[in-house]
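A short write-up of the structure that comes next.
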Amino acid sequence: MTYIRTAPPAVEPLTLVETRAHLRLDGEDEDALLLGLIAAARQHLERETGLSLIAQGWRLCLDRWPDDGILPLAHGPVRAVTSVIVYDGEGAPQAVSLDGHLLDGEARPARLWLRDVPQPGQALNGIEVDFEAGLGATGADVPDTLKRAMLLHVAAMFAFRGVVAPDAQPAVVPPGYDRLIAPYCRRRL
């Protein structure tokens, strides 16, 4: 299974105003750096929790449909499945009907069931499932606890801004971060 982001989030969960206020910055001199740190903090949080904080598009490529007929979808919550494409033996795409499909988008992971299970003719990545995921369209839809964790993370990365390049972030996770995000993380035994 391979996940590909098809549409990035249109906005970040944190605004520059919120971030500057948290860091007690008056000027706009560090805005470019702050934008990069906000994006790094969001991406790290999404990896840790399996959540898509802001609405975004995803594609799941898989070789075959699961034997039990239920496909788990990471990067939830899943708002909608937009298409399922199956490739035949010659690589030609064919759309699968979504009539009567069942989606449990709030489950962790989300689950998709189709009435007619697709059978690809292509051995590798013969099925593509496009879906929309996210807690909402703006930062107002993101729980305050997760935004607080992001602010702590941005502050820690900002403190080390001269030591670690923005593209090498996150280099540090602040104390208390793990406790803030723990209720949103999926743990396996």
Are the side chains of [X] and [Y] in touch, meaning some heavy atoms are under 4.5 Å apart?
{"X": "Leu25", "Y": "Phe158", "answer": "yes"}
{"X": "Leu146", "Y": "Leu180", "answer": "no"}
{"X": "Leu62", "Y": "Pro120", "answer": "no"}
{"X": "Trp113", "Y": "Asp68", "answer": "no"}
{"X": "Val86", "Y": "Gln119", "answer": "no"}
{"X": "Arg20", "Y": "Leu34", "answer": "yes"}
{"X": "Leu53", "Y": "Met150", "answer": "yes"}
{"X": "Leu71", "Y": "Pro66", "answer": "yes"}

Candidate pair Glu48 and Arg186, rule salt bridge (Lys or Arg N to Asp or Glu O under 4.0 Å), full reasoning: CA-CA 9 Å; Glu48 289 293 310; Arg186 292 184 323 167; over 6 Å; no

Could you tell me whether a side-chain N or O of Asn125 sits under 3.5 Å from a main-chain N or O of Asp63, the two making a donor and an acceptor?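 No, because the side chain of Asn125 does not come within donor-acceptor range (under 3.5 Å) of the backbone of Asp63.
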
State which residue, out of His44, Gln43, Arg42, fulfils the side chain to side chain donor-acceptor pair (under 3.5 Å) condition with Glu46.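 Testing Glu46 for a side chain to side chain donor-acceptor pair (under 3.5 Å) against His44, Gln43, Arg42 leaves exactly one candidate, Arg42.
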
Looking at [X] and [Y], what are the two nearest heavy atoms and their distance?
{"X": "Ile54", "Y": "Ala137", "result": "CG2-O, 3.8 Å"}
{"X": "Leu135", "Y": "Pro143", "result": "CD1-CD, 3.7 Å"}
{"X": "Trp65", "Y": "Val129", "result": "CZ3-CG2, 4.1 Å"}
{"X": "Pro118", "Y": "Val96", "result": "CB-CG2, 3.9 Å"}
{"X": "Gln56", "Y": "Ala7", "result": "CB-O, 3.1 Å"}
{"X": "Arg79", "Y": "Gly134", "result": "NE-O, 3.0 Å"}

Whether the Glu128 and Tyr87 side chains hold a donor-acceptor pair (N or O, under 3.5 Å, no angle test) is what I'd like checked.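 Side chains of Glu128 and Tyr87: pair found under 3.5 Å.
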
Output the distance between atom [atom1] ([X]) and atom [atom2] ([Y]), rounded to the nearest 0.5 Å.
{"X": "Ile181", "Y": "Leu152", "atom1": "CD1", "atom2": "CG", "answer": "11.0 Å"}
{"X": "Leu60", "Y": "Ile127", "atom1": "CG", "atom2": "CD1", "answer": "9.0 Å"}
{"X": "Leu14", "Y": "Thr19", "atom1": "CG", "atom2": "OG1", "answer": "4.5 Å"}
{"X": "Arg59", "Y": "Asp130", "atom1": "CZ", "atom2": "CG", "answer": "4.0 Å"}
{"X": "Tyr184", "Y": "Leu51", "atom1": "OH", "atom2": "CG", "answer": "8.5 Å"}
{"X": "Leu33", "Y": "Met157", "atom1": "CG", "atom2": "CE", "answer": "9.0 Å"}

Does one hydrophobic cluster hold both [X] and [Y], with members joined at side-chain heavy-atom distances below 4.5 Å?
{"X": "Val142", "Y": "Leu16", "answer": "yes"}
{"X": "Val81", "Y": "Met1", "answer": "yes"}
{"X": "Ile70", "Y": "Val84", "answer": "no"}

Is the ring pair Trp58/His75 parallel, tilted or perpendicular, if the boundaries are 30 and 60 degrees?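 Parallel: the ring planes of Trp58 and His75 meet at under 30°.
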
For Arg5, does the CZ atom have more than 12 heavy-atom neighbours from other residues, nucleotides or ligands under 6.0 Å away?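 Atom CZ in Arg5 is crowded, with more than 12 foreign heavy atoms closer than 6.0 Å.
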
Asp141 atom CG: more than 12 heavy-atom contacts under 6.0 Å: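 Count over threshold, so yes.
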
Steps toward side chain to side chain contact (heavy atoms under 4.5 Å, CB included) verdict (Glu132, Thr82): CA-CA 7 Å; Glu132 297 171 1; Thr82 55; 3.5 Å; yes

